[in-house]
Amino acid sequence: MQIGLIGLGRMGGNMRERIRNAGHTVIGYDTNPDVSDVAHLSDLVDGLDGPRAVWVMVPAGAPTQNVIDQLCSLLKPGDTVVDGGNSRWTDDERHARELGARGIGFVDAGVSGGVWGLEHGYALMVGGDEEHVERLKPIFHALKPDGPYGYVHAGGVGAGHFAKMVHNGIEYAMMQAYAEGWELLEKVDSVDNVREVFRSWQQGTVIRSWLLDLAVGALDEDEHLDRLRGYAEDSGEGRWTVEAAIDNAVPLPAITASLFSRFASRQEDSPQMKMVAALRNQFGGHAVESVEKA
């Protein structure tokens with residue numbers, strides 16, 4: 001099968017290679033000419049036989065919208081576009097309408113696998129009409145891990161990215177739990193080999209997971225994480241998960257707390273904790289720490 005792939009960054013470049021390894025033809029385009037197969041997006045479209053399939057793998061928001069706008073004018077009725085980035089599911093609905101008005105199919109694909117996907121495969125959560133999804137099955141099967149799992153047609157347009165959003169929300173909470181456990185183990189005097197405690201959990205425990213394996217790998221590189229600053233960004237999907245929970249009156253205390261913990265990591269001197277310290281001092285006479293003036 002032929003497919004065009006737009007966006008050849010850390011994930012897109014590896015996806016191109018994995019699809020090619022499965023015997024398919026991929027024409028890749030990127031604004032970085034060093035990794036691009038063609039000079040212009042129009043060259044990618046011209047190089048594909050109709051009906052064409054084009055996979056978009058660029059950042060969510062304006063970059064994705066810009067590519068969709070260009071594809072609306074370059075593609076023909078009967079072609080299909082896949083958005084494999086981390087777009088919000090509400091954007092999918094708009095993109096499907098815009099492309100559909102020109103007779104172009106649209107599929108949203110939540111993709112998980114990161115930099116390990118080339119070797120191990122990518123988990124794919126797909127949304128869209130059956131006719132469009134079915135046509136792309138060879139590519140989905142090329143990307144997914146070997147075996148029966150790792151691919152699902154989750155529902156209509158937007159379902160793939162909604163499922164990936166929830167997946168990432170769960171990921172936030174799992175990472176936060178490992179981080180909190182690690183900090184507590186590091187804090188106490190009685191445990192003097194925290195890295196090996198984490199390693200011991202990799203077999204036979206109910207909390208074993210790939211995230212735990214990655215945590216052990218990080219501790220092998222930097223046993224006490226001394227070289228890292230305690231700062232964590234969020235991709236946006238954690239926020240969207242919490243917003244969707246509010247819209248649907250679904251309680252998500254663990255995921256919400258994990259998102260807010262990332263916000264707290266960006267404050268060198270938390271304004272909230274100033275008020276907490278002041279209140280504890282007022283009602284209980286608890287000690288407070290003063291900021292030293294230069």
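Everything numeric in this text was worked out from a predicted model, so none of it was measured. Side-chain atoms are counted along with the backbone in the values below, which use heavy atoms only and exclude waters and symmetry mates.
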Other residues, nucleotides and ligands only: do more than 12 of their heavy atoms fall within 6.0 Å of [atom1] on [X]?
| X | atom1 | answer |
| --- | --- | --- |
| Glu130 | CD | yes |
| Glu183 | CD | no |
| Asp146 | CG | no |

How close do [X] and [Y] get, heavy atom to heavy atom, and via which atoms?
| X | Y | result |
| --- | --- | --- |
| Leu5 | Gly12 | CD2-O, 3.3 Å |
| Ala123 | Pro145 | N-CD, 4.3 Å |
| Pro51 | Gly78 | CB-O, 3.4 Å |
| Ser265 | Ala232 | OG-N, 3.0 Å |
| Asp92 | Val157 | O-CG1, 3.6 Å |
| Ala142 | His24 | CB-CD2, 3.9 Å |

Exercise: do [X] and [Y] side chains pair donor with acceptor under 3.5 Å:
| X | Y | answer |
| --- | --- | --- |
| Thr80 | Arg52 | no |
| Gln65 | Arg94 | yes |
| Asp91 | Ser87 | no |

Once you round to the nearest 0.5 Å, how far does [atom1] of [X] lie from [atom2] of [Y]?
| X | Y | atom1 | atom2 | answer |
| --- | --- | --- | --- | --- |
| Lys164 | Arg88 | NZ | CZ | 15.0 Å |
| Phe140 | Arg135 | CZ | CZ | 10.5 Å |
| Ile3 | Ile139 | CD1 | CD1 | 4.5 Å |
| Leu259 | Glu237 | CG | CD | 12.0 Å |
| Asn66 | Gln70 | CG | CD | 5.0 Å |
| His132 | Leu99 | NE2 | CG | 10.0 Å |

Find out whether [X] and [Y] are in side-chain contact, i.e. whether some heavy atom of one side chain is under 4.5 Å from a heavy atom of the other.
| X | Y | answer |
| --- | --- | --- |
| Thr205 | Arg208 | yes |
| Phe198 | Leu185 | yes |
| Ile104 | Leu71 | no |
| Trp182 | Leu219 | yes |
| His161 | Asn86 | no |
| Trp55 | Leu143 | yes |
| Trp240 | Asn168 | no |
| Trp89 | Asp108 | no |

Quiz item: Mind checking what makes salt bridge (charged side-chain N to carboxylate O under 4.0 Å, His left out) contact with Glu186, not counting sequence neighbours?
Solution: none

Hey, does the side chain of [X] reach the backbone of [Y] with a donor-acceptor pair shorter than 3.5 angstrom?
| X | Y | answer |
| --- | --- | --- |
| Asn248 | Val250 | no |
| Asp83 | Gly85 | yes |
| Lys144 | Tyr149 | yes |
| Ser200 | Val197 | yes |
| Asp234 | Gly238 | no |

Do you reckon [X] sits in the same ILVMFWY cluster as [Y], going by side-chain contacts under 4.5 Å, direct or chained?
| X | Y | answer |
| --- | --- | --- |
| Met125 | Met57 | no |
| Val107 | Val56 | no |
| Val191 | Leu212 | yes |
| Leu8 | Trp116 | no |
| Ile19 | Val133 | yes |

Quiz item: With respect to Val26, which candidate in Arg16, Met1, Met15, Arg18 satisfies the side-chain contact (heavy atoms from CB on, under 4.5 Å) definition?
Solution: Arg16

Exercise. Dump the intermediate steps for side-chain contact (heavy atoms from CB on, under 4.5 Å) on Arg266 and Tyr231, then the final yes or no.
Key: CA-CA 6 Å; Arg266 300 166 202 171; Tyr231 178 99; 3.2 Å; yes

Output yes when [X] and [Y] qualify as a salt bridge under the 4.0 Å nitrogen-oxygen rule, no when they do not.
| X | Y | result |
| --- | --- | --- |
| Glu134 | Lys137 | yes |
| Arg10 | Asp30 | no |
| Glu221 | Arg227 | no |
| Asp79 | Arg102 | no |
| Asp213 | Arg199 | no |

In residues 39-50, what donor-acceptor pairs under 3.5 Å come from side-chain atoms, sequence neighbours left out?
| residue | atom | partner | partner atom | Å |
| --- | --- | --- | --- | --- |
| Asp43 | OD2 | His40 | N | 3.1 |
| Asp49 | OD2 | Gln2 | NE2 | 3.4 |

Exercise. Output, in order, the C-alpha distance, side-chain angles, deciding distance and verdict of side-chain contact (heavy atoms from CB on, under 4.5 Å) for Val152 and Val126.
Key: CA-CA 6 Å; Val152 61; Val126 175; over 6 Å; no

Quiz item: Is the Lys NZ or Arg CZ of Arg262 less than 6.0 Å from the centre of Tyr172's six-membered ring, within 45° of the axis?
Solution: yes

